[in-house]
K.L.:
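Okay, here's the structure, questions in a sec.
Count residues from 1 along the sequence.
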Amino acid sequence: MNHLNISEVRADALFVSSLQGSDQPSTGQVRQAVAAAVRQFGDQGCIGLVAHEFGEHPDLAVARMRWARRLIAGAFAEPGVPGPAEPGPAAAGCCQPHAA
């Protein structure tokens, strides 16, 4: 499976990172977590970990992936393009497969 969209790679990396929704991470923390996860697992490793979590805990994984996508959209938004609304606390801290 190959990602054609860098946002998907970033969301997968954030998903497998040690960041939690309760941390209320800053843009810088999100970017650092993405970079660290890609360094640690590689993009294909992140994909595999995400797939594993969806297989083991699909209900929790869906909530964490929504959280990850919202944060990625905001952290890597293009200047002048409105970002998404601030994510709420709902289930963003679930499914931490691997703490860094």
K.L.:
Could you grab the distance from atom CZ of F54 to atom CG of L49, nearest 0.5 Å is fine?
P.N.:
12.5 Å
K.L.:
Any donor and acceptor pair, going by atom type alone, linking the side chain of D23 with main-chain N or O of P25 inside 3.5 Å?
P.N.:
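Checked: no pair found.
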K.L.:
With rounding to the nearest 0.5 angstrom, report the CD to OG distance, Q29 to S18.
P.N.:
10.0 Å
K.L.:
Quick one, F41 and I47 - any side-chain contact, counting heavy atoms below 4.5 Å?
P.N.:
no
K.L.:
Please indicate whether R31 has more than 12 foreign heavy atoms, meaning atoms of other residues, nucleotides or ligands, lying under 6.0 Å from its CZ.
P.N.:
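Counting neighbours around CZ of R31, more than 12 heavy atoms of other residues, nucleotides or ligands fall under 6.0 Å, so yes.
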K.L.:
Of all heavy-atom pairs between A68 and A11, which one has the smallest distance, and what is that distance?
P.N.:
CB-O, 3.6 Å
K.L.:
Considering all heavy atoms of both residues, which atom of F15 and which atom of R64 are nearest to each other, and what is their separation?
P.N.:
O-NE, 2.7 Å
K.L.:
Looking at residues at least two apart in the chain, or sitting in another chain, which of them share a side-chain contact (heavy atoms from CB on, under 4.5 Å) with A13?
P.N.:
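Once residues adjacent in sequence are excluded, the partners of A13 under the side-chain contact (heavy atoms from CB on, under 4.5 Å) criterion are V34, A37, V38, C46.
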K.L.:
Locate the shortest heavy-atom distance separating W67 from L14; write the atom from each residue and the value.
P.N.:
CZ3-CG, 4.0 Å
K.L.:
For the atom pair CD (E8) and CD1 (I72), what is the distance rounded to the nearest 0.5 Å?
P.N.:
12.0 Å
K.L.:
Got a donor-acceptor contact below 3.5 angstrom from the D12 side chain to the V9 backbone?
P.N.:
no
